[in-house]
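A short worksheet on the structure shown next.
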Amino acid sequence: MKEDFLLKQLAQRQEQHAFRQLRLPAPGAVDFCSNDYLGLAHSAAMQEGVHTLLQARPYMHGSTGSRLLAGNYAWIEEAESMLATFHQSGAGLIYNSGYDANLGLFSSVPQKGDTIIYDQLIHASIRDGIRLSKAQAFSFLHNDLEDLGKKLQHAAGNIFVAVESVYSMDGDMAPLKEIAAMCEQYSAHLIVDEAHATGVVGGKGEGLVQHLQLQQACFARVNTFGKAVGCHGAVVLGSPHLRDFLINFSRSFIYTTALPATAIAAIVASYELFPYMHSAREHLAALITHFRKGVASLSTLYSETPIQVVLTPGNEATRSLASSLQSAGLDVRAILHPTVPKGKERLRIVLHSFNTMEEVDRLIKALVQ
């Protein structure tokens, strides 16, 4: 089999110190890299909740097909209603992942002649959905309201503005109130990806949109479950009409096998837990404040969220620093170009409610020395 064309590009990645490899967490290392912000993915309470829910009703380990064929069942529709109620939305549609949800939403809803305007740091899943759309698309400078306004002035057709409430690589928040006001001014449809806010932002972890009472200003929200919710899947929240549209036209929903009941049990169990984890969110907020004070002398990006960034320009330098931290038992991962722009390479440090103040002090000492 001739694979020279593969080897050439892989060699280029290695020369750029950007070669990606799968790796297992080091045994006993302190977790400063996962998106399990509240520790639910490893929670005994979560496991017990899933077990209790599954014991209470008959279920299959598989789902037997797509939801438009044999894969639909009452529990998944009940979960969608529960999610819509909790997030104060007209309806919800569950997807197998946040990637599938963004791909399906953005590839199907905007039509030829429409315009998508998206933050330049938007997630890759949204970018891929936009690529599959027939609408024209333009980015605006990250969190830059003036640049967004310029783009809105020249938009045509139905206008869609796509942002994340919390950005996964920088950890900062979108100025949602101002963006929502601009969308209303230009009759644009606001779409917010709440992946890194769900479970963490708001009194009950409801996300930034509800925390700011902007749910009525959103055309759609995407809340994913693979971060603080501690399980798998995602829900697109919007009107019943949007739900019907996605069922009819969203290919990543139509042509995929449905999530099994075990996954739905995990989603329901998590939503029975995380809204009441007030002390966990308070401890997490204290860790964030403590960490930021400890690394004040370093080059960081401003963030009030669990995602903290220490800038370490250069792939080789960033990889080397991450390796030394890992050798010290601190599981911190390097984020390299081309995932981030050249010169913006970084350590992406994630704090969790299960981290201790002593563990954070160890990390600060290792970074500042």
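Heavy atoms only: backbone and side chains are in, while hydrogens, waters and symmetry mates are out. None of the values given here were measured: they were computed from a predicted structure.
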Is there a path of hydrophobic side-chain contacts, each under 4.5 Å between heavy atoms, that joins [X] and [Y]?
X	Y	value
L121	I116	no
L311	F291	no
L83	V229	yes

ring-ring contact (aromatic ring centres under 6.0 Å, His included) contacts touching [range] (sequence neighbours left out):
range	result
residues 312-332	none
residues 336-369	H352-F354
residues 92-112	Y95-F253

Under a 3.5 Å cutoff, is there a donor and acceptor pairing between the side chains of [X] and [Y]?
X	Y	value
H211	E206	no
Q210	Q215	no
S125	N102	yes
Q308	R346	no
Y302	E304	yes
T312	E345	no
Y118	H123	no
N72	E77	yes
H283	N355	no
S34	D31	yes

[X]: which residues meet the side-chain contact (heavy atoms from CB on, under 4.5 Å) condition with it, sequence neighbours left out?
X	result
V268	L53, W75, A79, M82, I264, E272
T300	R292, V295, L298, V310
I254	L68
S43	L40, A45, M46

Is there a donor-acceptor contact under 3.5 Å from the side chain of [X] to the main chain of [Y]?
X	Y	value
S107	L103	yes
T115	A156	yes
S97	G233	no
R333	A322	no
S323	R319	no
S89	T85	no
Q111	S108	yes

Which residues satisfy the ring-ring contact (aromatic ring centres under 6.0 Å, His included) test with Y37, sequence neighbours excluded? none

How about [X] and [Y]: do any of their side-chain heavy atoms sit closer than 4.5 Å?
X	Y	value
L287	T356	no
L325	L347	yes
L176	V163	yes

Got a sec, which residues hit salt bridge (charged side-chain N to carboxylate O under 4.0 Å, His left out) with [X], two or more places apart in sequence or on another chain?
X	value
R221	none
R131	D128
D172	none
R243	E80

Please find out if less than 6.0 Å separates the ring center of F160 from that of H189. yes

Before giving the answer on salt bridge (Lys or Arg N to Asp or Glu O under 4.0 Å), spell out for E3 and K8 the whole-Å C-alpha distance, their side-chain angles and the decisive distance to 0.1 Å. CA-CA 9 Å; E3 296 184 340; K8 181 179 179 181; over 6 Å; no

Please determine whether a side-chain nitrogen of the Lys or Arg among K227 and E194 lies less than 4.0 Å from a carboxylate oxygen of the Asp or Glu. no

Run the salt-bridge test on D147 and K151 with the 4.0 Å N-O cut-off and return the result as yes or no. yes

Could you walk me through whether T257 and R67 satisfy the side chain to side chain donor-acceptor pair (under 3.5 Å) test, starting with their C-alpha distance in whole Å, then the side-chain angles of each, then the deciding distance to 0.1 Å, before giving a yes or no? CA-CA 7 Å; T257 300; R67 288 183 64 186; over 6 Å; no

Would you indicate whether Q216, at its atom CD, is surrounded by more than 12 heavy atoms from other residues, nucleotides or ligands within a distance under 6.0 Å? no

